[in-house]
Amino acid sequence: MADNGEQACRRVDGGISRVFALFGKRWTGQIVSVLLQRPVHFAELRRAIPGISERMLSDRLTELGAAGLVIREVDEGPPLRVAYRLTEAGAAMEPALKELGRWADTYLTRDDATGSGTGC
């Protein structure tokens with residue numbers, strides 16, 4: 001029977017594995033959620049996600065850009081400002097993320113979701 005369990009583990013859907021490799025990282029979902037509303041400058045994005053460091057935000061935006069979900073746009077200014085917006089592929093995540101949010105409202109307590117119960 002151990003073989004059946006091992007085979008089942010090997011058959012995890014490749015698409016699901018790729019989604020969670022990206023969206024399973026802390027802050028990624030929150031970043032996309034903010035960007036679903038509108039393009040946002042870096043400082044605004046950082047303020048919208050309490051607790052995220054500049055370095056982590058920059059790293060996650062770079063990953064989302066490499067995945068083809070976010071575009072970095074530079075406004076030469078003055079002053080020089082950088083904004084981020086979702087690509088078509090990034091915006092296409094909206095129905096799935098809204099559905100996950102509804103699921104969380106039904107099945108997860110705030111303590112489960114945030115670890116502190118405080119929420120936003």
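Sequence positions, counted from 1, serve as the residue numbers for this chain.
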#### Entry: Reported CZ-to-CZ distance for the pair Arg72 and Phe42, which is rounded to 0.5 angstrom
9.5 Å

### Message
Exactly one of Leu64, Leu69, Leu86, Val70 should register a side-chain contact (heavy atoms from CB on, under 4.5 Å) with Ile31. Which one does?
### Response
Leu64

### Query
How long is the span from the CZ atom in Arg47 to the CD1 atom in Ile49, to the nearest 0.5 Å?
12.0 Å

### Shared hydrophobic cluster for Trp103 and Met93 (ILVMFWY, side-chain gaps under 4.5 Å)
no

#### Entry: Any Trp27 side-chain heavy atom under 4.5 Å of Met56 side chain
yes

### Task
Find out if a path of hydrophobic residues (ILVMFWY) with successive side-chain heavy-atom gaps under 4.5 Å connects Leu108 to Phe20.
no

### Message
When you group the ILVMFWY residues by side-chain heavy-atom contacts below 4.5 Å and let the links chain together, are Leu80 and Leu57 in the same group?
### Response
yes

### Euclidean distance, Glu73 CD relative to Arg85 CZ, rounded to 0.5 Å
4.5 Å

### Ile71 and Tyr84, any side-chain heavy atoms less than 4.5 Å apart
no

### Glu44 side chain vs His41 backbone, donor-acceptor pair below 3.5 Å
yes

### Query
Between Val40 and Val34, which heavy-atom pair has the shortest distance, and what is it?
CG2-CG1, 4.1 Å

### Query
Atom CG in Leu36, atom CZ in Arg38: separation rounded to 0.5 Å?
12.5 Å

### Contact summary for Gly68 and Ala89, nearest pair of heavy atoms
O-CB, 3.9 Å

### Task
Find the distance between CG (Leu45) and CD (Gln30) and round it off to the nearest 0.5 Å.
10.5 Å

